[in-house]
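Encoded as structure tokens, the structure appears first; notes follow it.
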Amino acid sequence: MKKIIIDCDPGHDDALALIMAVAAPELDILAVTTSAGNQTPDKTLNNAMRMLTLLKQKNIPVAGGNKKPLMQDLIIAENVHGETGLDGAVLPEPDFEPVKIPAIQLIAETLRSSADPVTLVITGPMTNIALFLQVYPQLKTKIEQIVFMGGAINTGNYTPRSEFNIAVDPESAKIVINSGIPLVMAGLDLTHQAQIYQEEIENIRKIHNEVAPSVAGQLDFYGIYYGQDKWRFKGIPLHDPCTIAWLQHPEYFEGTKYHVDVEVTGALTRGETVVDRFDLLNLPKNVYVLTKIQRQKFIYLLTNSIASF
Ligand code: BDR
Ligand code: CA
């Protein structure tokens, strides 16, 4: 089993990533840490705890992360995920406590005590991981790879050129993307293909367990934002679970290695992941950028994950 740590900001699609990761026979979740992003840090931490309570996973250590991005004020996505960060969800209150150490310390202790290298999965802003790399550089070698949802090749969803997770904390993203650790990027070019259609949500609603109605309720709410005409989507893009699906079934995906960096100063482009598609800079190809996903297989995997509880 591949050992993973998930750093997330639940968030509806983060919650789906947690569900898939818990259900995945290929993955062993060593720890969950939370970042400030989709909602305030207290709410994303509480949401991770509520999700793990629903999934009966109180043995997974959970720690809250930094309260704000490295350099700028926190931006939240209440317009997408609602006042709680997981509006629409039927969820129990947490039945366990987070560990009493900060996220970066939990990551450090987890890496130290793992005999095997560990994959970091990031589905929110990269603040915690950037801080971790600054404080514990000696533990970098214990990280096998970082698989993250963020960025895009040439589009945006927060500004025309920036994706939300990178836009919230561009400086942290720059640190992580230039860390030298092998990176896999599930950006918007990919995740906008990973749409769930209404009839597929109805199939989930029909599953008889405690998890399915919660997911269906979450998708009903999350779908309101992505149902706006401006997006021109047929379904709802499920960004964050693409990271977990890739770890489980890389054969469902296509991708290419490119040199990627993060723009932190541009007046119009701050937070853009600049992808050197034509190798114009002749710099090391530091990121495996996922470009295609087999949508139906992905939705089948997600639905089966939900049904497995
Ligand atoms: C990303 O931003 C958040 O709203 C989602 O949870 C996802 O991680 C998509 O841009
Ligand atoms: Ca997220």
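Only this structure's heavy atoms are used, side chains among them; waters, hydrogens and symmetry mates stay out. In each ligand, atom 1 is the first atom listed, and ligand 1 is the first ligand listed.
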What's the shortest distance from [atom] to any protein heavy atom, and which residue and atom give it?
atom: atom 8 (O) of ligand 1; value: Asp240 OD1, 2.6 Å
atom: atom 3 (C) of ligand 1; value: Asn38 OD1, 3.1 Å
atom: atom 10 (O) of ligand 1; value: Glu163 OE2, 2.4 Å

Item to check | Ring centre gap for His239 and Tyr226 strictly below 6.0 Å | outcome: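 Yes, they do, as the ring centres are separated by less than 6.0 Å.
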Checklist entry - What part of Asp14 sits under 4.0 Å from ligand 1 if we count only heavy atoms: the side chain, the backbone, both or neither? => result side chain
Next on the checklist: Using the rule side-chain contact (heavy atoms from CB on, under 4.5 Å), only one of Ile4, Leu27, Ile146 pairs with Thr119; which is it?
Outcome noted: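 The side-chain contact (heavy atoms from CB on, under 4.5 Å) with Thr119 is passed solely by Ile4 among Ile4, Leu27, Ile146.
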Next on the checklist: Which residue in the set Asn203, Asn304, Leu238 passes side-chain contact (heavy atoms from CB on, under 4.5 Å) when paired with Ile299?
Outcome noted: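 Exactly one candidate clears the test, Leu238.
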Next on the checklist: Ring-plane angle category for His12 and His81, please: parallel below 30°, perpendicular beyond 60°, tilted otherwise.
Outcome noted: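 Parallel.
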Checklist entry - Mind checking whether Tyr252 and His249 have parallel, tilted or perpendicular rings, split at 30° and 60°? => result parallel
Item to check | Vertex the Ca ion (ligand 2), rays to OD1 in Asp14 and O in Thr123 - rounded to 10° | outcome: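 Rounded to 10°, it measures 130°.
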Item to check | Nearest-option assignment for atom 5 (C) of ligand 1, heavy atoms, candidates Leu238, Asn79, Asp13 | outcome: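 It is Asp13 that holds the nearest heavy atom.
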Next on the checklist: What I want to know is whether His239 and ligand 1 share at least one N or O pair that is separated by under 3.5 angstrom.
Outcome noted: no
Checklist entry - Where do Thr265 and Glu263 land on the side chain to side chain donor-acceptor pair (under 3.5 Å) test, with the steps shown first? => result CA-CA 6 Å; Thr265 52; Glu263 176 58 79; 2.9 Å; yes
Checklist entry - For ligand 1, is His12 a contact, meaning one of its heavy atoms is under 4.0 Å away? => result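 His12 does not count as a contact of ligand 1 under the 4.0 Å cut-off.
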Next on the checklist: From the N, O or S atoms in Asp240, identify the one nearest to the Ca ion (ligand 2).
Outcome noted: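 For Asp240, the N/O/S atom sitting closest to the Ca ion (ligand 2) is OD2.
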Checklist entry - Restricting to N, O or S atoms of Asp9, which is nearest to the Ca ion (ligand 2)? => result OD1
Item to check | Numbering as shown, the atoms of ligand 1 that approach Asn157 to under 4.0 Å (heavy-atom distance) | outcome: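 Those atoms are 9 (C), 10 (O).
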Checklist outcome for this item: In ligand 1, the atoms that come under 4.0 Å of a heavy atom of Thr123 are 8 (O)
Next on the checklist: Could you tell me if the side chain of Asn46 sits less than 4.5 Å from the side chain of Pro94, heavy atoms only?
Outcome noted: yes
Next on the checklist: Does Lys234 qualify as a cation-pi partner of Tyr197, given the criterion of NZ or CZ under 6.0 Å from the six-membered ring centre and within 45 degrees of its axis?
Outcome noted: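 Positive - Lys234 is close enough to the ring of Tyr197 and near enough to its axis.
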